[in-house]
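Single-structure report; data block below.
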Amino acid sequence: ASKKASNKRQRGAQKSCSNVFSMFEQSQIQEFKEAFGCIDQDRDGVIKKQDLKETYAQLKLNVKDEELEEMLNEGKGPINFTVFLTLFGEKLNTDPEDTILSAFKLFDPNGTGFVNKDFRRLLMNQADKFTAEEADQAFALAPIDPTGNIDYKSLCYTITHGDEKEES
């Protein structure tokens, strides 16, 4: 009887999350499916604490049982593939303004709301390097104070909500 109840819960979870598949491209879903398969150590279609424990052990990481239980509790029931995908969808579907602000805050350790004018140089020399033209385009929207520092809070608002001047 408990197996039947478990299957019923899994189907219920799938029904409530079925639109999660529209959040991702097919290639992304395939990658998540491969990751799910790696974590589902016993191949029963549900991620359980033992599956997580074995996965972390393979990665040579020690994780406390409480941490594993916290992870599993995020699913609010058995973690089948649809629930797994939904959890990732929730984590990845954050407010773009918050995400952009968080990125800028890394360059604003004092929390002033401004980044130094040297930020342009960083964009052109680090990670996914901007070209000079791309940096110019990014800074064309940026409110810059008289000392050349960028008001990134205003810039983030403009990026996510549009420029008021464009709308009038």
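Scope of the values below: all heavy atoms of this structure, side chains included, with no hydrogens, waters or symmetry mates. Positions are given from 1 along the sequence.
- Taking CG from Asn116 and CD1 from Ile150, the interatomic distance works out to 8.0 Å, rounded to the nearest 0.5 Å.
- To the nearest 0.5 Å, the span separating CD1 on Ile79 from CG on Leu52 amounts to 7.0 Å.
- Scanning for side-chain hydrogen bond (donor to acceptor under 3.5 Å, both in side chains) contacts around Gln50 gives Glu54, with sequence neighbours left out.
- Between Phe84 and Phe88, the distance separating the two ring centers is shorter than 6.0 angstrom.
- A ring pair (Phe, Tyr, Trp, His ring centres under 6.0 Å) check over residues 130-153, counting only residues at least two apart or in different chains, returns the pairs Phe104-Tyr152.
- For the side-chain hydrogen bond (donor to acceptor under 3.5 Å, both in side chains) test, residues two or more places apart in sequence or in another chain that qualify with Asp145 are Thr147.
- A search for salt bridge (Lys or Arg N to Asp or Glu O under 4.0 Å) contacts involving Asp108 returns nothing, not counting sequence neighbours.
- With sequence neighbours excluded, no residue forms a side-chain hydrogen bond (donor to acceptor under 3.5 Å, both in side chains) with Asp118.
- Under the 4.5 Å side-chain heavy-atom criterion for ILVMFWY residues, a single connected hydrophobic cluster contains both Leu106 and Leu123.
- Ser154 pairs by the side-chain contact (heavy atoms from CB on, under 4.5 Å) definition with Pro143, Asp151, not counting sequence neighbours.
- Residues satisfying the side-chain contact (heavy atoms from CB on, under 4.5 Å) test with Glu25, not counting sequence neighbours, are Ser27, Gln28.
- Remark: Asp51 pairs with no residue by the side-chain hydrogen bond (donor to acceptor under 3.5 Å, both in side chains) rule, at least two apart or across chains.
- Applying the side-chain contact (heavy atoms from CB on, under 4.5 Å) rule to Asp136 yields the partners Arg120; only residues at least two apart in sequence or on another chain are considered.
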Exercise answer: donor-acceptor pairs, residues 64-72 side-chain atoms, under 3.5 Å, sequence neighbours excluded:
| unit_1 | atom_1 | unit_2 | atom_2 | d |
| --- | --- | --- | --- | --- |
| Asp65 | OD1 | Lys53 | NZ | 3.1 |
| Glu67 | OE1 | Lys64 | N | 3.0 |
| Glu69 | OE2 | Lys49 | NZ | 2.6 |

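- Listed by chain and residue number, Tyr56, Leu59 satisfy the side-chain contact (heavy atoms from CB on, under 4.5 Å) test with Leu61 (two or more places apart in sequence, or in another chain).
- Contact between Asp40 and Gly45 at its shortest, heavy atoms only, is OD2-N, 2.7 Å.
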